[in-house]
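Keep in mind that this is a model prediction, so the values were computed, not measured.
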Number of protein chains: 2
Amino acid sequence: MTMNESKSQMVDPERFKQMLRLKGLKVTNQRIYVLQTLESCRNKHLTAEEIYNNVKVDHPEIGLATVYRTIQILKELHLIDRINFDDGTERYEIAEILEDGVKHHHHHHLICIKCGKVSEFADDMLEALESAIMLKTGFHVVDHEVKLYGYCKECGGKLIEETKK
Amino acid sequence: MTMNESKSQMVDPERFKQMLRLKGLKVTNQRIYVLQTLESCRNKHLTAEEIYNNVKVDHPEIGLATVYRTIQILKELHLIDRINFDDGTERYEIAEILEDGVKHHHHHHLICIKCGKVSEFADDMLEALESAIMLKTGFHVVDHEVKLYGYCKECGGKLIEETKK
DNA sequence: ATCGCTGCAAATGCTTTGCAAGTAC
DNA sequence: GTACTTGCAAAGCATTTGCAGCGAT
């Protein structure tokens, strides 16, 4: 195995097919296409419709319902994560997985409340918090989702004037 | 009507009326009822429908659409927070506000991935993370939403009880 | 040849909106 | 009296489901 390839790596297509078969599911082109789209759009937070449109460019015959059904499978296989930015639709992105199947602790999402831009912040600083929770409540944290709202570097400068109405 | 008196945290009804008038909105009974329901169900993560049913007990004439419209107003006034536990509906809870209008840093939500129970964890340990983000990216965090997934004490105990008391 | 999978359309479920009547100010 | 609000029903949207034909094994 590679020593320390923390750079994003493609899900091995063979491994994906194997995962499908293990679940008693069939390997279809549509399922491959959806996974490929999500891989080629890392950190893009695609909606189901965006995935659909993206796949349709090369494979116009695909149906939106199939995209939704495939998303559910990918979720169950822990190959993708779902994120919700409160804009009315669910979004999806490839999960960061190491070759041994251990999940990278995710990045957090920085959401600018002025311009709406979403950026990322890779981080593992939540361990202290998770330890504190275990100690005080007995709750064993295995995953987390962190959304941080604020002003991005560009919008932060003009922060002084708060609108009063 | 439920009498839930935790004076320091109740939104002063007069202050609420003032906030409405400041926005050019009228003070109506329905708006008061919805706020009261949310106050009497602190940390209960109510859905719009649950608020509706709760209000309907004493005021059967209220309509669901009015509840939705009132929720939007309360959100704009920062009197409530929206939370989504991926169960298909939005949930709402009273925001923790001090009398001077400064927002309490919220609690985090601990979501058990086995039994689905949602508990809370009051905490402000995210300051180190927010400072790190400011330093590295220039993003100025003013609010955050943290969901922690894992096993609650009851469910976690069953998984590892054999090895540890 | 099985039986799952697909695309389409219809259905679902939460939320929003149009409208006429009602209410705050 | 003038807007703003309300309740109802209808509409809107994202997502799910039923079904007949198609496709992987």
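Taking 4.0 angstrom as the limit, B:Thr89 places none of its side-chain polar atoms (N or O) nearer than this to OP1 or OP2 of C:dC14. For D:dT16, the OP1/OP2 oxygens have no side-chain nitrogen or oxygen of A:Tyr68 closer than 4.0 Å.
With distances taken from any side-chain atom of B:Gln72 to the nucleotides C:dC25, C:dT16, D:dT17, the minimum falls on C:dT16. Taking only side-chain atoms of B:Leu64, from C-beta outward, the nucleotide of C:dG4, C:dT15, D:dA14 with the closest atom is C:dT15. Out of D:dT15, C:dA9, C:dC14, the shortest distance to the side chain of A:Ala65 is found at C:dA9. Residue A:Gln30 has its side chain nearest to C:dT6 when only C:dC25, C:dT6, D:dG7 are considered. Comparing C:dT15, C:dC5, D:dT16 against the side chain of A:Thr28 picks out C:dC5 as the nearest. The side chain of A:Ile62 sits closest to C:dG7 out of D:dA14, C:dT17, C:dG7.
In this entry the distance linking CD of A:Glu61 with C1' of C:dC5 reads 14 Å, nearest Å. Rounded to whole Å, atom P of C:dC14 lies 17 Å from atom CZ of B:Phe85. Atom NZ of B:Lys23 is separated from atom C1' of D:dT5 by 16 Å (rounded to the nearest Å). Taking atom CD1 of A:Ile32 as the reference point, atom P of D:dA24 lies 11 Å away to the nearest angstrom. Rounded to an integer number of Å, the gap from CD1 of B:Ile71 to C1' of C:dT16 is 12 Å. The distance between atom CD of A:Glu90 and atom C1' of C:dC14, rounded to the nearest whole Å, is 13 Å. Atoms CZ (B:Arg21) and C1' (C:dT23) sit 15 Å apart, rounded to a whole Å. Atoms OH (B:Tyr33) and P (D:dT6) sit 12 Å apart, rounded to a whole Å.
Between B:Lys75 and B:Leu25, it is B:Lys75 whose nearest contact on DNA chain C lies nearer the 5' terminus. Take the nearest nucleotide of DNA chain C for B:Asn29 and for A:Thr70: the residue whose nucleotide is more 5' is A:Thr70. Judged by closest nucleotide on DNA chain D, B:Arg31 is the one of A:Val27 and B:Arg31 placed further toward the 5' end.
With hydrogens and angles left out, the side chain of A:Arg69 and the base of C:dG4 share no donor-acceptor pair within 3.5 Å.
Under a 4.0 Å N-O distance rule, the pair B:Glu76/B:Lys23 qualifies as a salt bridge. In summary, A:Lys117 and A:Glu154 engage in a salt bridge, as defined by a charged side-chain N under 4.0 Å from a carboxylate O.
Residues B:Glu93 and B:Lys44 fail the side-chain proximity criterion, which asks for heavy atoms closer than 4.5 Å.
In the hydrophobic cluster analysis, where Ile, Leu, Val, Met, Phe, Trp and Tyr join through side-chain heavy atoms closer than 4.5 angstrom, A:Val27 is grouped together with A:Val67.
In terms of heavy-atom proximity, B:Val118 sits nearest to B:Phe85 at CG1-CZ, 3.6 Å.
Among the atoms of the strands shown, only primed sugar atoms or phosphate atoms (P, OP1, OP2) are found under 4.0 Å from some heavy atom of B:Gly88.
Taking the six-membered ring where the residue is Trp, B:His45 and B:His109 present perpendicular rings, their angle passing 60° and hence far from 30°.
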